[in-house]
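What follows is one structure encoded as structure tokens, with my remarks underneath.
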Amino acid sequence: MTFAVFRARGYTAVELLMAISVFGIGVAGIISMEKVTSASNQDAKNLAIATHIAESWLDVLQADGAAWNHPSPQNSVSDLQTDTVWLQQVIPTPNTWFLPQYEAVRFNFGPAFDALGNPVNTTNLTNAVFCSHLRLSWLYPENASSGNGLIRAEVRVFWLRDGQSSPQASVSPCAAAMPIGSISGNSSSFHFVQKITAIRENMTQ
């Protein structure tokens, strides 16, 4: 009687190393993909929050404009400088950005916001992540006889890119001490979102 002899054949060291190499390449690709996905999700989150902040600013400026009632046929004295918080800083030159003040009485709103988009009091900017500037200019100057003033309001919200630091290391981008010029056009250090609206004098009073 003849018996067939079967011998189990194992993997060689070369085959094992090749399998480990292929597996390592695949795992590295997955890890890299996860990093890109995570960074993209964070960027999308920041963009959504910044857009919400900019839109909130437009709403707040519209509310500020509700206090701008004169000049009008009933009263020729303008109340823009006395009754509004931010619109009073409108200027004829349209290319000047400014840091809006923090207002704690009527609006509890200002230039700085935390990572979730909540307003931050400028007395403590430790948690400030997003900052904002305003640019106000006349579209139609107020008129002593008919009123009907119209202001162009621009809001830009900005935040530091990943790995970037403030142009002045000891000064927060949201602080009054930060020069506006070091932020304007500085796309290598900041992300930007910009919104524009027009605010008409409230003639209901």
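Counting begins at 1 with the first residue of the sequence.
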Note to self: What I want to find out is whether Glu154 reaches Arg152 closely enough, with some N-O distance under 4.0 Å, to be called a salt bridge.
What the structure shows: yes

Check: In terms of side-chain heavy atoms, does Ser184 have a donor or acceptor partner in Trp97 at a distance below 3.5 Å?
Finding: no

Margin query: Between Asn186 and Ser188, is there a side-chain donor-acceptor contact under 3.5 Å, judged purely by atom types and distance?
Written below: yes

Is there side-chain contact between [X] and [Y], with at least one heavy-atom pair below 4.5 Å?
X	Y	answer
Phe113	Ser56	no
Phe109	Val85	no
Val60	Asp64	no
Ser78	Pro71	yes
Val155	Leu61	yes
Asn143	Asn148	no
Ile151	Trp68	yes

Next item on the list: Begin with the C-alpha distance, continue with both residues' side-chain angles, and end with the deciding distance and a verdict on side-chain contact (heavy atoms from CB on, under 4.5 Å) for Leu99 and Met178.
Entry: CA-CA 9 Å; Leu99 182 77; Met178 175 64 65; over 6 Å; no

Notebook entry, point to check: Between His191 and Leu160, which heavy-atom pair has the shortest distance, and what is it?
Noted result: CD2-O, 4.4 Å

Notebook entry, point to check: Aromatic rings His133 and Phe158: how do their planes relate, parallel, tilted or perpendicular, breaks at 30° and 60°?
Noted result: tilted

